[in-house]
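Single-structure report; data block below.
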Amino acid sequence: MDLAAITDFNLVAKHGGFGAASRASAMSKATLSRRVRELEESLGVRLIERGVRPLQLTEEGAALYARTEEPFGAIADTVQAIKAGLKHPSGRLRISAPLLFVNMSLGPLAAAFVAAYPDVLLEVTTDDGFVDLRDGAIDVVIRANPRPDDDLVGRCFLTNPLVLVAPPGLPRPADDHQPFPAVMRTGMEDGETWIVVDAANGATRHYRPQAVLRLSSPLSIRDAVVAGAGAALVPVAIVAADVAAGRLVQWGASTRPPIEVWVLHASRRLVSTKVSAFVNFICEYFKPTEKR
């Protein structure tokens with residue numbers, strides 16, 4: 001059955017004739033008449049008494065109109081609301097973000113986003129692991145160096161180079177073979193070499209870290225370095241303020257690729273307005289020319 005034809009029939013019944021329905025809908029009388037006739041043929045009954053003025057529904061027509069007017073009207077209203085929502089993001093937006101990003105950046109970002117889009121309710125969960133967006137429980141994920149996934153699309157909105165920092169009182173190794181006390185991340189291998197471009201002269205140096213402490217959180221590593229435990233290789237964003245204040249000194253920048261932070265969502269042809277709004281907003285928010 002053609003549901004669009006039922007909608008057209010209801011339009012004629014509601015307005016009391018083909019002429020009034022035509023003026024209300026901008027559809028031609030001929031089109032409305034044809035659609036109602038096709039509906040009658042598909043049902044095998046007459047719905048409108050022909051040649052009777054004002055318009056009069058048959059018993060079957062009255063029954064069809066009574067049963068479909070309310071639900072079809074609700075559907076039409078919903079469609080209009082959806083179309084309006086394409087220009088006005090609204091509703092709940094569920095985001096999963098890693099702990100470091102939440103602690104460093106999410107508060108000001110979230111406040112700015114809801115100020116720009118007051119009809120969107122942000123719900124943020126903290127999770128450093130894999131989140132399957134296909135089950136519909138999460139709309140957007142933020143991840144550092146995400147693994148390739150054909151089911152996800154997104155944009156890199158932030159790059160974070162690694163730097164070698166140390167407490168001011170820690171002597172720098174005299175040569176490339178001298179080990180030094182290091183605060184290392186859990187999982188880093190013993191005996192590895194850190195290749196660093198010297199902050200003072202631009203020369204490349206090789207450093208041999210000797211772990212005195214292993215921690216899983218970059219923020220904990222930073223705090224341990226500030227407390228004098230040793231040097232560490234960390235994202236520059238989490239130590240920039242400490243270097244500027246003199247609590248840490250920067251020995252140089254790592255030659256390893258920078259950490260890339262991505263905003264990702266399910267790979268679908270049609271993306272909701274609230275998701276698109278958030279992706280565009282976070283990319284604008286972290287533009288390199290902007291200072292936060």
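Values below: all heavy atoms of this structure, side chains included; hydrogens, waters and symmetry mates excluded. Along the sequence shown, residues carry numbers from 1.
In this structure the side chain of Leu57 never reaches within 4.5 angstrom of the side chain of Leu47, judged on heavy atoms. Contact check for Val140 versus Val275: side-chain heavy atoms found under the 4.5 Å cut-off. With contacts defined as side-chain heavy-atom distances shorter than 4.5 Å, the pair Val153/Leu264 does not qualify. Residues Thr204 and Asp198 are not in side-chain contact: their nearest non-hydrogen atoms beyond the backbone lie 4.5 Å or more apart. Counting heavy atoms from C-beta outward, Tyr285 and Pro108 have side chains that approach closer than 4.5 Å. The closest side-chain heavy-atom distance from Glu260 to Pro146 is not below 4.5 Å. Counting only heavy atoms from C-beta outward, the side chains of Tyr65 and Lys14 approach each other to under 4.5 Å. Side-chain contact between Trp194 and Trp251 is absent, with no heavy atoms from C-beta onward closer than 4.5 Å.
With sequence neighbours left out, the side chain to side chain donor-acceptor pair (under 3.5 Å) criterion links Gln250 to no other residue. Under the salt bridge (charged side-chain N to carboxylate O under 4.0 Å, His left out) criterion, Glu60 pairs with no residue at all, not counting sequence neighbours. Judged as a side chain to side chain contact (heavy atoms under 4.5 Å, CB included), and not counting sequence neighbours, the contacts of Glu49 are Arg46, Val52, Gln56, Thr58. Judged as a salt bridge (charged side-chain N to carboxylate O under 4.0 Å, His left out), and not counting sequence neighbours, the contacts of Arg92 are Glu123. For Arg23, the side chain to side chain donor-acceptor pair (under 3.5 Å) test picks out no residue, with sequence neighbours left out. Applying the salt bridge (charged side-chain N to carboxylate O under 4.0 Å, His left out) test to Glu38 and every residue at least two apart in sequence or in another chain returns Arg34. Among residues two or more places apart in sequence or in another chain, the salt bridge (charged side-chain N to carboxylate O under 4.0 Å, His left out) test is passed with Asp176 by Arg205.
With rounding to the nearest 0.5 Å, the separation of CG in Leu32 from OG in Ser22 is 6.0 Å. The CD1 atom of Ile138 lies 5.5 Å from the OG atom of Ser96; values are rounded to the nearest 0.5 Å.
When all heavy atoms are compared, the tightest approach of Ala211 to Met184 is CB-SD, 3.5 Å. Minimum heavy-atom separation, Gly91 to Lys274: C-NZ, 4.3 Å. In this structure, Ala21 and His15 approach most closely via the heavy-atom pair N-CB, 3.8 Å. When all heavy atoms of Ala97 and Val102 are compared, the pair lying nearest together is CB-CG2, 3.8 Å. When all heavy atoms of Ala277 and Tyr117 are compared, the closest pair comes out as CB-CZ, 3.9 Å.
By the criterion of side-chain heavy atoms lying less than 4.5 angstrom apart, applied directly or through intervening Ile, Leu, Val, Met, Phe, Trp or Tyr residues, Phe101 is grouped together with Leu93 in one hydrophobic cluster. Using a 4.5 Å cut-off between side-chain heavy atoms of Ile, Leu, Val, Met, Phe, Trp and Tyr, with links allowed through other members, Ile259 and Val183 fall into different hydrophobic clusters. Put simply, Ile221 and Val196 are part of two different groups of oily side chains (I, L, V, M, F, W, Y) that touch within less than 4.5 Å, one to the next. Taking hydrophobic clusters as Ile, Leu, Val, Met, Phe, Trp and Tyr residues chained together by side-chain heavy-atom distances below 4.5 Å, Leu64 shares a cluster with Val45. Neither Leu248 nor Val197 shares a network with the other; the hydrophobic side chains, linked directly or stepwise wherever heavy atoms of I, L, V, M, F, W or Y lie under 4.5 Å apart, form separate groups for each.
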Give the table of side-chain donor-acceptor pairs shorter than 3.5 Å for residues 222-234, with sequence neighbours excluded, one pair per line with atom names and distance.
residue: Arg222; atom: NH1; partner: Ile238; partner atom: O; Å: 3.2

Between side-chain atoms of residues 5-13 and protein atoms elsewhere (two or more places apart, or another chain), which donor-acceptor pairs fall under 3.5 Å?
residue: Thr7; atom: OG1; partner: Leu3; partner atom: O; Å: 3.2
residue: Asp8; atom: OD2; partner: Arg35; partner atom: NE; Å: 3.0
residue: Asn10; atom: OD1; partner: Thr68; partner atom: OG1; Å: 3.2
residue: Asn10; atom: ND2; partner: Thr68; partner atom: OG1; Å: 3.1

Pairs of donor and acceptor atoms involving the side chains of residues 154-171, under 3.5 Å and at least two apart or interchain, shall be tabulated with distances.
residue: Arg155; atom: NH1; partner: Asn280; partner atom: OD1; Å: 3.0
residue: Asn160; atom: OD1; partner: Val236; partner atom: N; Å: 3.3
residue: Asn160; atom: OD1; partner: Ala237; partner atom: N; Å: 3.1

query = Going through the distances and angles, do Phe18 and Thr31 end up as a side chain to side chain contact (heavy atoms under 4.5 Å, CB included)?
reply = CA-CA 10 Å; Phe18 290 98; Thr31 298; over 6 Å; no

request  = Please test Asn103 against Thr126 for side chain to side chain contact (heavy atoms under 4.5 Å, CB included), starting from the C-alpha separation and ending with a verdict.
outcome  = CA-CA 10 Å; Asn103 288 339; Thr126 302; over 6 Å; no

task = Could you walk me through whether Leu109 and Ile282 pass the side chain to side chain contact (heavy atoms under 4.5 Å, CB included) test, one step at a time?
result = CA-CA 8 Å; Leu109 166 67; Ile282 196 172; 3.7 Å; yes

task = Start with the C-alpha distance between Arg185 and Ser217, add both sets of side-chain angles, then the distance that settles side chain to side chain donor-acceptor pair (under 3.5 Å), and finish with yes or no.
result = CA-CA 7 Å; Arg185 187 161 188 174; Ser217 164; over 6 Å; no

query = Could you walk me through whether Leu100 and Leu219 pass the side chain to side chain contact (heavy atoms under 4.5 Å, CB included) check?
reply = CA-CA 7 Å; Leu100 179 60; Leu219 293 179; 3.5 Å; yes

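No side-chain donor-acceptor contact under 3.5 Å links Ser276 and Thr273. Side-chain polar atoms of His265 and Asp139 form no donor-acceptor pair below 3.5 angstrom.
The residues Glu40 and Arg37 are annotated as not salt-bridged, no charged nitrogen and carboxylate oxygen being separated by less than 4.0 angstrom.
Other residues, nucleotides and ligands contribute more than 12 heavy atoms inside 6.0 Å of the CZ atom of Arg50.
The list of ring pair (Phe, Tyr, Trp, His ring centres under 6.0 Å) pairs with a residue in residues 29-49, not counting sequence neighbours, is empty.
Leu121 belongs to no multi-residue hydrophobic cluster, having no ILVMFWY side-chain contact under 4.5 Å with any other such residue.
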